There are 2 protein chains.
Amino acid sequence: MNKNMKLYFSKGACSLAPRIVINELKLPCEFESVDLKSKQTNSGEDFLKINPKGYVPVLITPNGETLTENAVILQYLADTTNNHDLLPPLKEFAHYEVLEWVNFITTELHKAFGALFNQQFPQEAKESITIPLIQKRFAFVNTHIKGTYLMGDRFTLPDAYLFVMLRWAKHFKIDLSQHTNLEKYFNELLNRPSIQQSLKEEGL
Amino acid sequence: MNKNMKLYFSKGACSLAPRIVINELKLPCEFESVDLKSKQTNSGEDFLKINPKGYVPVLITPNGETLTENAVILQYLADTTNNHDLLPPLKEFAHYEVLEWVNFITTELHKAFGALFNQQFPQEAKESITIPLIQKRFAFVNTHIKGTYLMGDRFTLPDAYLFVMLRWAKHFKIDLSQHTNLEKYFNELLNRPSIQQSLKEEGL
């Protein structure tokens with residue numbers, strides 16, 4: 001009880017999203033990197049004992065409980081700090097609008113990128129199926145950004161997650177130039193202190 | 001205001017999960033089927049105007065608001081009825097445990113099945129990548145079922161969703177026989193009135 005929380009991460013992975021939210025909230029938190037190939041943590045622990053699913057992020061709460069799903073970790077971080085900027089209160093419909101974005105990103109974007117990260121996955125299918133699908137999803141986001149941020153003037157949970165997806169798009173040289181709102185949005189996010197700090201902390 | 005809610009569904013699709021929860025809660029609800037190929041609803045509406053993403057489920061709330069993400073619709077249904085059997089209250093860690101299961105199913109199982117439903121997807125990759133991945137995910141679930149239901153004695157949101165995934169596994173003739181807990185679990189769910197009713201309503 002009353003210990004700091006701890007985030008297991010891998011450099012540039014989707015665990016960057018909860019790190020951004022942790023920094024946004026200025027929460028005290030310990031960070032430890034994980035080698036996802038050898039399934040060893042930086043301090044030499046067997047990561048599969050921490051998360052049998054073998055993936056990051058993993059958040060250890062101040063009570064020592066373990067969370068292993070990105071979308072739920074984001075929700076937990078906003079709930080536990082009662083931060084209604086990142087996630088509007090339960091009684092407002094905007095609560096679900098924010099969660100819909102988080103869920104869209106985790107299922108439709110993040111999981112689509114999974115194929116690109118998979119070296120076994122046939123190159124031709126990446127080009128004929130995966131990349132057009134990712135483009136279609138980004139096109140949807142592009143036409144639905146409400147303002148400076150996804151939901152309008154306010155930075156909310158899915159902005160942290162979408163930032164990571166846009167970084168991945170650039171990593172895989174996916175052409176985003178036709179999504180002009182997204183380009184502007186990404187550049188705006190790059191200036192946000194919590195994001196600058198998070199990139200610096202991961203050496204990105 | 002104060003109208004019934006409405007669920008847009010497609011027979012046997014993942015929209016079966018919110019239908020099960022709606023029946024579990026005995027909520028008044030209108031159901032309308034959608035042809036996902038022609039993007040027309042049963043009454044001849046253009047489904048893309050209802051959900052530009054083009055997929056089901058879509059829930060129209062009694063206030064006329066639209067929700068389009070399965071995991072969020074499930075959470076909304078439990079929240080709005082204040083049903084703490086399906087989803088424990090926010091202050092309990094079990095709240096997040098339930099949401100972790102929902103998120104695991106939507107990202108790791110549901111999205112993996114996406115490749116099997118995609119006729120463009122290379123058959124060889126389905127057999128060498130997709131099915132082993134689905135087997136791995138089911139093996140994880142198999143060793144983590146806590147009781148009659150995923151979380152123990154109590155039927156919670158992810159049970160409805162996992163039931164649909166198990167039906168899909170059978171549809172694609174994925175061999176679940178080594179996952180003995182899952183087989184028992186599936187047979188238990190088949191006896192649950194909300195599930196029997198839902199299958200009957202969709203003519204399954």
Side-chain angles (χ1 to χ4, degrees), chain A residues 14 51-55 59 61 63-76 79-80 82 89-91 93-112 114-115 118-122 124-126 128-130 132-133 136-137 139-141 143-144, chain B residues 14 51-55 59 61 63-76 79-80 82 89-91 93-112 114-115 118-122 124-126 128-130 132-133 136-137 139-141 143-144:
Chain A
C14 62
N51 181 12
K53 296 173 192 168
Y55 50 65
L59 185 80
T61 74
N63 295 324
E65 300 140 335
T66 302
L67 290 170
T68 59
E69 298 290 328
N70 209 337
V72 181
I73 291 173
L74 296 178
Q75 195 169 338
Y76 169 85
D79 286 344
T80 200
N82 222 8
L90 199 63
K91 297 290 171 198
F93 189 69
H95 178 84
Y96 298 100
E97 291 181 302
V98 163
L99 294 182
E100 289 239 304
W101 273 121
V102 171
N103 200 66
F104 177 81
I105 295 165
T106 202
T107 56
E108 305 302 329
L109 271 168
H110 182 170
K111 296 318 287 185
N118 187 341
Q119 290 179 350
Q120 276 189 285
F121 200 84
E124 205 215 277
K126 287 182 186 179
S128 66
I129 299 174
T130 311
L133 180 64
K136 184 180 161 187
R137 298 313 186 198
F140 175 82
V141 181
T143 58
H144 287 83
Chain B
C14 62
N51 181 11
K53 296 173 190 168
Y55 50 65
L59 186 80
T61 74
N63 295 325
E65 300 141 335
T66 302
L67 291 171
T68 59
E69 297 290 328
N70 210 338
V72 180
I73 290 173
L74 296 178
Q75 195 169 339
Y76 169 85
D79 285 344
T80 199
N82 222 8
L90 199 64
K91 296 290 174 199
F93 188 68
H95 178 84
Y96 299 100
E97 291 180 302
V98 164
L99 294 182
E100 289 240 304
W101 273 121
V102 171
N103 200 66
F104 177 81
I105 294 165
T106 203
T107 55
E108 305 302 330
L109 271 168
H110 181 170
K111 295 319 286 184
N118 186 340
Q119 290 181 350
Q120 275 190 287
F121 200 84
E124 207 214 275
K126 288 183 185 178
S128 66
I129 300 175
T130 311
L133 180 64
K136 185 180 163 188
R137 299 312 186 199
F140 175 82
V141 180
T143 58
H144 287 83

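Below, chains carry the letters A, B, ... as their sequence lines are ordered, and counting in each starts from 1. It should be emphasised that the depicted structure is a prediction, and the values quoted were computed from it without experimental measurement.
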Sequence neighbours left out, what passes salt bridge (charged side-chain N to carboxylate O under 4.0 Å, His left out) with A:Glu100? Give chain and number order. none
Heavy atoms, side chains only, cut-off 4.5 Å: are B:Glu69 and A:Thr107 in contact? yes
Return the set of residues passing side chain to side chain contact (heavy atoms under 4.5 Å, CB included) with B:Gln119 (not counting sequence neighbours), or none when no residue passes. none
How far apart are the C-alpha atoms of B:Glu65 and A:Glu97, what are their side-chain angles, what is the distance that settles it, and do they pass the side chain to side chain contact (heavy atoms under 4.5 Å, CB included) test? CA-CA 10 Å; B:Glu65 300 141 335; A:Glu97 291 181 302; over 6 Å; no
Heavy-atom side-chain contact between A:Phe104 and B:Lys53 under 4.5 Å: yes
Please flag which part of B:Ala71 lies under 4.5 Å from any non-hydrogen atom of chain A: side chain, backbone, both or neither. both
So do the side chains of A:Asn103 and B:Asn103 get within less than 4.5 Å of each other, counting heavy atoms only? yes
So, for B:Gln120 and A:Ser128, which heavy atoms are closest and what is the spacing to 0.1 Å? NE2-O, 4.5 Å
Rounded distance [0.5 Å steps], OG1 in B:Thr80 versus OH in A:Tyr96: 6.5 Å
Distance from B:Ile73 atom CD1 to A:Leu99 atom CG, nearest 0.5 Å? 12.5 Å
B:Thr61 and A:Phe93: side chain to side chain contact (heavy atoms under 4.5 Å, CB included), yes or no, with the steps? CA-CA 10 Å; B:Thr61 74; A:Phe93 189 69; 4.2 Å; yes
Only pairs of heavy atoms separated by less than 4.5 Å count here; which of A:His110, A:Glu108, A:Glu124 has the most with chain B? A:Glu108
Winner by heavy-atom pair count (cut-off under 4.5 Å) against chain B, out of A:Val102, A:Asn70, A:Asp79: A:Asp79
Quick check on B:Leu90 against chain A: is it the side chain, the backbone, both or neither that has a heavy atom closer than 4.5 Å? side chain
Which pair of non-hydrogen atoms, one from B:Phe121 and one from A:Ile129, has the smallest distance, and what is that distance? CA-CD1, 3.7 Å
If you tally heavy-atom pairs under 4.5 Å against chain A, which of B:Asn118, B:Thr106, B:Leu67 wins? B:Leu67
